[in-house]
Chemist: 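One structure, as structure tokens, below. Some questions next.
A note on names: the letters A, B, ... follow the listed sequences, proteins ahead of strands, and every chain is numbered from 1.
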Amino acid sequence: MLDLRAIRSHPDEFRQGLERKHADPTLIDQLLRVDEAWRNALAEVERLKSVRNKASEAIAKKKRNGEDASADIAQMREVSDRIKMLDDEVRRLDDEVKELLLTIPNIPHASVPDGKDEQDNVPVRYWGDKPAFPFEPRPHWEIAERLDIADFERAAKITGSRFVVYKGLGAKLERALANFMLDFQTSRNGYTEMFPAFIANETSLIGTGNLPKFGDEMFKLEGLPYYLIPTAEVPLTNYHRDEILDASQLPVKYAGYSACFRSEAGSAGKDTRGLIRLHQFQKVELVKLVLPETSYDELERLVEDAASVLEALNLPYRVIEICTGDLGAKETKKYDLEVWMPAQGVYREISSCSNFEDYQARRANLRFRRDETSKPEFVHTLNGSGLAIGRTVAAILENGQQEDGSVRIPDALVPYLGVDVIRPAE
RNA sequence: GGAGUGAUGGCCGAGUAGGUCGAAGGCGCUCGCCUGCUAAGCGAGUAUACGCCCAAAAGGCGUAUCGACGGUUCGAAUCCGUCUCACUCCGCCA
């Protein structure tokens with residue numbers, strides 16, 4: 001959430017920020033209106049409580065001296081009733097302020113290119129040579145079915161559409177990629193490996209910004225205040241919730257492997273085939289908690305950390321900078337990594353790296369202290385996929401495919417998979 | 001799932017016939033003194049959030065906070081209810 005005091009002192013900056021994001025700038029005015037009402041009610045109730053506290057003290061004194069205090073008590077009864085009413089009012093207004101604050105999106109960073117939607121995103125660099133095929137490249141789902149390494153039909157039988165069962169070398173490829181990515185990010189890029197729970201509570205989801213607004217993108221456990229995590233970002237970012245870290249601990253860098261569950265509400269008809277858009281996929285997620293003044297440098301480094309996996313796997317990709325209109329609600333700045341998918345002839349998102357500044361840190365109360373005497377400040381949080389495994393499988397299958405239906409495995413992965421080519425059964 | 005115990009400040013730990021308790025005491029930490037150095041000793045200080053005053057900082061005033069929420073009361077760390085978490089025992093499991 002945004003800083004309420006900052007909004008009070010220069011609301012125009014926030015209105016403009018929301019406009020850049022094509023969000024509703026009048027949210028700021030709504031907020032300020034309720035905030036003022038809240039502060040007025042608060043001042044009044046605190047004044048009455050002050051009266052009450054003094055009177056209570058006087059009553060205590062009288063009683064100790066054996067004097068009669070019944071008149072004072074009767075008088076205070078009225079004050080107390082009024083306090084009770086005002087307290088309800090204050091609570092109601094305070095809830096309203098908090099709810100609005102939780103709903104208002106983050107403001108884009110000054111460096112983010114203006115734009116309306118994804119059409120206006122800006123490619124910033126390209127890496128790798130797209131493979132040239134002397135034949136018509138097949139889509140990955142066809143390759144996978146032919147190699148008998150992924151089974152969508154039976155997954156639909158077991159669960160439903162948008163699920164997959166990996167089989168044989170497909171299952172091992174999934175496992176090999178997870179191991180490879182975790183090893184890579186821990187040993188090469190200095191992340192601490194984490195293995196979180198796949199279920200998180202509502203407080204955690206509010207902390208990362210998935211609730212209250214985006215509950216319908218997740219699977220909720222029936223009758224419980226628990227959700228299946230849509231990404232390991234949720235448990236990893238909440239790991240230090242309500243803590244005050246020492247500045248010397250920063251940056252905190254976590255790499256967590258998890259399954260990710262997405263309801264994909266509203267995406268009917270999109271990417272209905274293959275591994276691109278499933279209700280469950282696995283991912284290695286990178287999360288950083290950093291000093292505020294370093295967060296944009298850390299974002300650039302995060303992009304490199306994610307991109308270096310693609311380079312190690314020799315998968316062609318590009319980096320695009322997301323424009324203001326296409327930014328998610330929580331982000332101040334975001335880069336997507338898009339991997340080349342030869343069969344469709346398009347780049348597909350395989351990683352998304354974002355800076356949230358203190359938007360999540362405020363929600364999750366993630367703070368640090370510069371030294372023993374200084375006041376706690378909010379950290380900046382960042383995260384990026386490093387990478388989405390299902391889409392990496394798809395990219396490896398499509399980019400490594402050969403005319404005979406076999407698939408060449410990237411060299412870096414061979415020690416993990418045990419073979420350098422996946423061939424169709426005879 | 002059943003039975004029980006507990007939750008107080010950075011940590012430990014007092015505080016139940018409700019009233020000068022934001023909370024004794026100790027440890028830790030900070031500053032000063034003392035000391036050849038260290039240790040010990042002595043003195044002072046040491047929570048957070050929010051609102052108001054102030055151009056701002058400094059500072060001042062006020063309110064709230066003893067797991068959370070709600071209730072009783074003029075007044076709650078202390079009484080009542082609900083919940084959460086932790087621990088112990090039993091059962092059940094990987």
Chemist: Is a side-chain donor-acceptor pair under 3.5 Å present for A:Q249 with A:E243?
Modeler: no
Chemist: Provide, to the nearest angstrom, the distance between the CD1 atom belonging to A:I244 and the P atom belonging to B:rA49.
Modeler: 8 Å
Chemist: Using the P atoms only, state how far B:rA94 lies from B:rG6, rounded to an integer number of Å.
Modeler: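 Roughly 34 Å separates the two P atoms.
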Chemist: For RNA chain B, what are the stems built from at least three Watson-Crick or G-U pairs in a row, each pair having both distances below 3.5 Å?
Modeler: B:1-7 with B:84-90, B:10-12 with B:25-27, B:28-33 with B:41-46, B:47-53 with B:59-65, B:67-71 with B:79-83
Chemist: Quiz question: by atom type and distance under 3.5 Å, do the side chains of A:T332 and A:Y296 form a donor-acceptor pair?
Modeler: yes
Chemist: Looking only at the side chain of A:R52 (C-beta and beyond, no hydrogens), which of the listed nucleotides B:rA49, B:rG51, B:rC74 gets closest?
Modeler: B:rC74
Chemist: Without hydrogens or angle criteria, can the side chains of A:Y257 and A:E193 be said to hold a donor-acceptor pair below 3.5 Å?
Modeler: no
Chemist: Separation of A:D35 atom CG from B:rC50 atom P, in whole Å?
Modeler: 12 Å
Chemist: Of the nucleotides B:rC85, B:rA64, B:rU48, which one has an atom closest to the side chain of A:R367?
Modeler: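 Closest nucleotide to the A:R367 side chain: B:rU48.
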Chemist: Hey, does A:R138 have a side-chain heavy atom less than 4.5 Å from the side chain of A:R146?
Modeler: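 The answer is yes; the side chains approach within 4.5 Å.
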Chemist: Under 4.0 Å between a side-chain N or O of A:R8 and OP1 or OP2 of B:rG51?
Modeler: yes
Chemist: Rounding to an integer number of Å, can you tell me how far A:D242 CG sits from B:rU84 P?
Modeler: 19 Å
Chemist: Do any N or O atoms of the protein come closer than 3.5 Å to N or O atoms of nucleotides 17-22 of chain B, and which pairs are they?
Modeler:
{"residue": "B:rG19", "atom": "O6", "partner": "A:K63", "partner atom": "NZ", "Å": "3.3"}
{"residue": "B:rG19", "atom": "N2", "partner": "A:S56", "partner atom": "O", "Å": "3.4"}

Chemist: When you compare the side chains of A:K84 and A:S80, does any donor N or O come within less than 3.5 Å of an acceptor on the partner?
Modeler: no
Chemist: Which whole number of Å gives the distance between the P atom of B:rG60 and that of B:rC79?
Modeler: 36 Å
Chemist: Rounding to an integer number of Å, can you tell me how far A:R5 CZ sits from B:rA56 P?
Modeler: 12 Å
Chemist: Any side-chain N or O of A:S50 under 4.0 Å from OP1/OP2 of B:rC61?
Modeler: no
Chemist: Is the backbone of A:V234 close enough, under 3.5 Å, to the side chain of A:T208 for a donor and an acceptor to pair up by distance?
Modeler: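 Here the side-chain-to-backbone pair does not exist.
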Chemist: Does A:N53 make a side-chain N or O approach to OP1 or OP2 of B:rU63 shorter than 4.0 Å?
Modeler: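 True: A:N53 side-chain N/O within range (under 4.0 Å) of B:rU63 OP1/OP2.
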Chemist: Can you identify which nucleotide, out of B:rC85, B:rG51, B:rU72, has its nearest atom closest to the A:K84 side chain?
Modeler: B:rU72
Chemist: Rounding to an integer number of angstrom, what distance separates B:rC87 and B:rG81 when you compare their C1' atoms?
Modeler: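 Straight-line distance between the two C1' atoms is 24 Å.
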Chemist: Provide, to the nearest angstrom, the distance between the CZ atom belonging to A:R362 and the C1' atom belonging to B:rA49.
Modeler: 14 Å
Chemist: Taking only side-chain N and O atoms of A:R39, does any of them lie within less than 4.0 angstrom of OP1 or OP2 on B:rG51?
Modeler: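 No.
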Chemist: Can you confirm whether A:N238 sits close enough to A:T203 that some side-chain heavy atom of one is under 4.5 Å from a side-chain heavy atom of the other?
Modeler: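 They are not in contact (no side-chain heavy atoms under 4.5 Å apart), so the answer is no.
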Chemist: Distance check, C1' atoms only: B:rG25 and B:rC33, in whole angstrom units.
Modeler: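 Here B:rG25 and B:rC33 have their C1' atoms 24 Å from each other.
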Chemist: Do A:I320 and A:V122 make a side-chain contact, defined as non-hydrogen atoms from C-beta onward lying under 4.5 Å apart?
Modeler: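 Not touching, per the 4.5 Å side-chain cut-off.
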Chemist: The side chain of A:R369 is closest to which nucleotide in this list: B:rU48, B:rC74, B:rG51?
Modeler: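 Side chain of A:R369 sits closest to B:rU48.
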Chemist: Distance alone, cut at 3.5 Å: any donor-acceptor contact between the side chains of A:N53 and A:S56?
Modeler: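 No - no donor-acceptor pair under 3.5 Å links their side chains.
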Chemist: Could you measure between the two C1' atoms, the one in B:rC12 and the one in B:rC66, and give it in whole Å?
Modeler: 15 Å
Chemist: When you measure from the side chain of A:M76, which nucleotide among B:rC74, B:rC50, B:rC52 comes out closest?
Modeler: B:rC74
Chemist: On a whole-Å scale, what distance lies between the C1' atoms belonging to B:rC83 and B:rC90?
Modeler: 24 Å
Chemist: What interatomic distance, in whole Å, is found between P of B:rC52 and the corresponding atom of B:rG1?
Modeler: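 To the nearest whole Å, 47 Å.
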Chemist: Under 6.0 Å between the ring centres of A:F180 and A:Y416?
Modeler: yes
Chemist: Going by atom types alone, do A:S354 and A:K330 pair a side-chain donor with an acceptor below 3.5 Å?
Modeler: no
Chemist: Under 3.5 Å, is there a donor-acceptor pair linking the side chains of A:E331 and A:Y359?
Modeler: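 There is no such pair between these side chains.
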Chemist: From CG of A:N40 over to P of B:rU63, roughly how many Å is that when rounded to an integer?
Modeler: 19 Å
Chemist: Without hydrogens or angle criteria, can the side chains of A:Q185 and A:Y254 be said to hold a donor-acceptor pair below 3.5 Å?
Modeler: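 There is no such pair (donor and acceptor under 3.5 Å, judged by atom type) between the side chains of A:Q185 and A:Y254.
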Chemist: Any residue in residues 87-104 of chain A with a heavy atom nearer than 4.0 angstrom to RNA chain B? Just list them by number, or reply none.
Modeler: A:R91
Chemist: Are the side chain of A:R391 and the backbone N or O of A:I276 linked by a donor-acceptor pair below 3.5 Å?
Modeler: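 Pair found, side chain donor or acceptor close to backbone of A:I276.
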Chemist: Can you work out whether A:V51 or A:L42 has the more 5'-proximal nearest nucleotide on RNA chain B?
Modeler: A:L42
Chemist: For the pair made of CG in A:D72 and P in B:rU73, what is the distance, rounded to whole Å?
Modeler: 18 Å
Chemist: Rounded to the nearest angstrom, tell me the gap between atom CZ in A:R47 and atom C1' in B:rC61.
Modeler: 15 Å
Chemist: Considering only atom C1', compute the distance from B:rG9 to B:rA77 and round it to an integer number of Å.
Modeler: 12 Å
